[in-house]
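Structure first, then comments.
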Amino acid sequence: MKILVVSENSTYKQLFEKKEEGITALLASSTLHSEKNIDAVFLDGEIVQLDELNHIREMYPNQGIFFKPVALKSEIITKRIKTIAAAVKIQVINEYSTDEQLVDTIIARLFEKDTSSTKRVISFFGTHSGAGVTTTVLNLARSLSQKTDEKVLVLSLNSWDPADYLYHYEGQYLNDLKVDLNLKNLTAQRLSEAVHYNDSFYHLAGNRDIKMQRMYQPEEIEHLITVAKNLFDVILIDAGTHFDTAPTVQSYLSSGLKFLVTNQEVKGYRGYFPYVFHQLIEPAGGSAEEFMLIINKYQPANTLINEKDLEEELNMERISTLPDVKELGTMASYQRKLLYDFTESAYSKEIDFLSKVIIAECDLSESLLPHNKLKEKKGLFSIFN
């Protein structure tokens with residue numbers, strides 16, 4: 001297979017030929033390439049203008065064409081890219097994709113490859129701040145780690161929320177690893193020393209340096225997730241709501257299972273998230289079908305939106321409804337205990353159901369330990385041998 005790579009970045013050519021036997025990548029610095037015997041085309045938005053897409057499609061009428069835009073600074077530009085690319089049947093690659101992710105995505109689409117190997121990386125997003133992503137992820141980690149013998153890690157990758165306040169966290173933070181991530185020399189030993197062991201699951205708290213909120217790069221977060229995958233069996237990512245940041249987008253790109261957490265607040269299902277979806281997720285090839293919906297703090301009141309209408313508003317299938325536990329949640333937070341540990345309730349049962357969904361979807365081995373027995377704490381690095 002011949003792929004025309006219109007880019008000044010020679011890394012793309014190297015990766016295409018390295019990752020798939022039989023691919024020949026032809027590197028060109030412009031679209032004025034004379035070679036017509038081409039099976040697919042990749043267009044780098046760094047040198048290919050949006051206005052050229054129609055002409056390129058005319059040059060290669062039957063080939064698969066992929067375009068990675070850059071600098072999507074406004075809704076108008078985003079809509080224009082989506083409209084023009086759809087009109088000429090050119091597939092758009094997420095602008096936050098790393099070089100390797102971009103090549104993997106194109107190869108997977110060209111060869112219709114199964115990407116289920118990423119299923120054990122599970123990301124949770126929110127429709128808006130306060131939807132309950134952090135609470136859901138940490139309580140689910142507790143439940144899941146008690147129901148499986150696999151090593152469960154929580155990565156808090158919401159740059160605005162370190163997620164270190166729901167229990168007594170004693171580990172290091174995402175910003176403490178910034179130099180290692182930037183140099184791409186994060187080791188298994190270094191990560192194992194940074195994470196906190198919370199009786200049954202492991203946790204790396206997020207960014208607590210306000211100045212660093214928008215300073216993380218896609219390659220850094222990809223590197224973190226790659227190292228974590230080599231150490232842990234299951235990774236639950238608290239990805240937050242900010243789809244214009246590298247940590248959140250890399251969580252989206254790296255995960256096999258994606259959950260969206262919302263509640264009955266109008267600003268979530270009609271306000272913030274619809275704009276995020278139509279302006280950031282959908283133009284890059286994403287769809288509502290990728291997400292499983294979790295409704296958090298649900299109150300069956302006539303004055304609030306019901307489950308069915310929430311599904312229709314977000315165009316997603318609901319997988320779980322977590323009830324509003326009211327004062328129990330407040331008490332657990334005050335005492336810095338996870339709600340799952342605080343009391344047996346309908347909330348805990350629903351969290352257990354989500355654990356069963358993940359166990360089934362990720363083909364995990366179920367634990368033989370009693371349901372209410374916490375696993376013994378293991379030594380720091382010995383767990384990875």
Side-chain angles (χ1 to χ4, degrees), residues 119-126 131-158 161-174 191-192 194-206 224-225 228-229 231-240 247 251 254-261 292 294 296 319-320 322 325 329 332-333 336-345 347-362 364-367 369 371-378 383-384:
K119 270 194 171 183
R120 292 193 176 194
V121 179
I122 305 155
S123 291
F124 295 77
F125 307 89
V133 179
T134 299
T135 303
T136 301
V137 171
L138 289 175
N139 282 283
L140 180 57
R142 171 70 86 221
S143 170
L144 183 62
S145 62
Q146 292 184 31
K147 294 187 178 342
T148 178
D149 292 321
E150 315 284 8
K151 296 188 289 289
V152 178
L153 170 69
V154 172
L155 285 179
S156 294
L157 296 184
N158 179 355
D161 185 358
D164 60 347
Y165 45 82
L166 291 179
Y167 69 95
H168 292 282
Y169 181 81
E170 297 176 355
Q172 296 180 41
Y173 291 78
L174 179 65
L191 180 58
S192 69
V195 299
H196 171 73
Y197 184 77
N198 183 24
D199 294 327
S200 57
F201 68 90
Y202 302 85
H203 181 202
L204 178 68
L224 171 62
I225 294 173
K229 285 165 65 176
L231 293 177
F232 297 93
D233 302 305
V234 190
I235 302 173
L236 306 181
I237 301 180
D238 173 2
S251 301
S254 300
S255 57
L257 293 179
K258 302 176 180 68
F259 292 86
L260 182 71
V261 181
M292 289 182 277
I294 298 173
N296 186 43
I319 192 69
S320 175
L322 302 173
V325 292
S333 297
R336 301 190 76 174
K337 293 182 178 179
L338 295 179
L339 186 56
Y340 185 83
D341 298 334
F342 195 72
T343 181
E344 287 288 335
S345 65
Y347 178 88
S348 300
K349 291 179 180 178
E350 199 63 30
I351 288 289
D352 285 338
F353 169 74
L354 281 172
S355 289
K356 293 176 183 177
V357 169
I358 291 174
I359 288 172
E361 289 286 335
C362 300
L364 304 178
S365 60
E366 293 196 57
S367 175
L369 290 172
H371 171 71
N372 61 351
K373 183 179 179 181
L374 297 180
K375 298 177 187 177
E376 252 181 67
K377 181 174 182 178
K378 303 177 184 178
I383 63 169
F384 306 120

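The OG atom of S156 sits 7.5 Å away from the CG atom of D161 when rounded to the nearest 0.5 Å. Interatomic distance, CG of L155 versus NE2 of H203, reported as 8.0 Å (0.5 Å rounding). Summarising the geometry, atom CG belonging to L322 is positioned 10.0 Å from atom OG belonging to S348; distances are rounded to the nearest 0.5 Å. Rounding to the nearest 0.5 Å gives a distance of 5.5 Å between OH of Y347 and CG of L339. To the nearest 0.5 Å, atom CG of residue N198 and atom CG of residue L138 are 8.0 Å apart. Considering CG of L153 and CG of L191, their distance stands at 7.0 Å, rounded to 0.5 Å.
In this structure, Y167 and Y169 have perpendicular ring planes: the angle between them is above 60°, well past the 30° mark.
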Exercise for review: Begin from the C-alpha positions of F342 and V325 and carry the test side chain to side chain contact (heavy atoms under 4.5 Å, CB included) through to its verdict.
Suggested key: CA-CA 11 Å; F342 195 72; V325 292; over 6 Å; no
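Remark: K337 NZ is loosely packed, at most 12 non-hydrogen atoms of other residues, nucleotides or ligands lying under 6.0 Å away.
Closest of all the heavy-atom pairs between Q146 and D341 is NE2-OD1, 4.3 Å. Between D164 and A205, the shortest heavy-atom distance links the atoms CB-CB, 4.3 Å. Here the closest non-hydrogen pair linking H196 and H168 is NE2-O, 3.6 Å. Here the closest non-hydrogen pair linking D199 and Y197 is O-OH, 2.9 Å.
You'll find the side chain of L364 reaches within 4.5 Å of the side chain of E150, heavy atoms only. Side-chain contact between L144 and F201: absent, with no pair of heavy atoms (C-beta onward) separated by less than 4.5 Å. Side-chain contact between T134 and L166 is present, with at least one heavy-atom pair separated by less than 4.5 Å. Contact check for L257 versus C362: side-chain heavy atoms found under the 4.5 Å cut-off. Between V133 and N158 the shortest side-chain heavy-atom distance does not fall below 4.5 Å.
Residue L157 is tested with L204, L224, D238 for a side chain to side chain contact (heavy atoms under 4.5 Å, CB included); the sole match is L224. Considering V261, I351, L354 in turn, L354 is the only one that fulfils the side chain to side chain contact (heavy atoms under 4.5 Å, CB included) rule with S320. Paired with S355 under the rule side chain to side chain contact (heavy atoms under 4.5 Å, CB included), one option of E350, K147, E366 passes, and it is K147. Just one residue in the list N139, L140, T135 forms a side chain to side chain contact (heavy atoms under 4.5 Å, CB included) with Y340, and that residue is N139.
Scanning for side-chain contact (heavy atoms from CB on, under 4.5 Å) contacts around S123 gives F125, I237, S251, S255, with sequence neighbours left out. Legend: residues meeting ring-ring contact (aromatic ring centres under 6.0 Å, His included) with F124, ordered by chain and number and at least two apart, are F259.
At least one donor-acceptor pair closer than 3.5 Å links the side chain of N296 to the backbone N or O of A131. A donor-acceptor pair is defined here as one N or O able to donate and one able to accept, closer than 3.5 Å; such a pair exists between the side chain of S145 and the backbone of R142.
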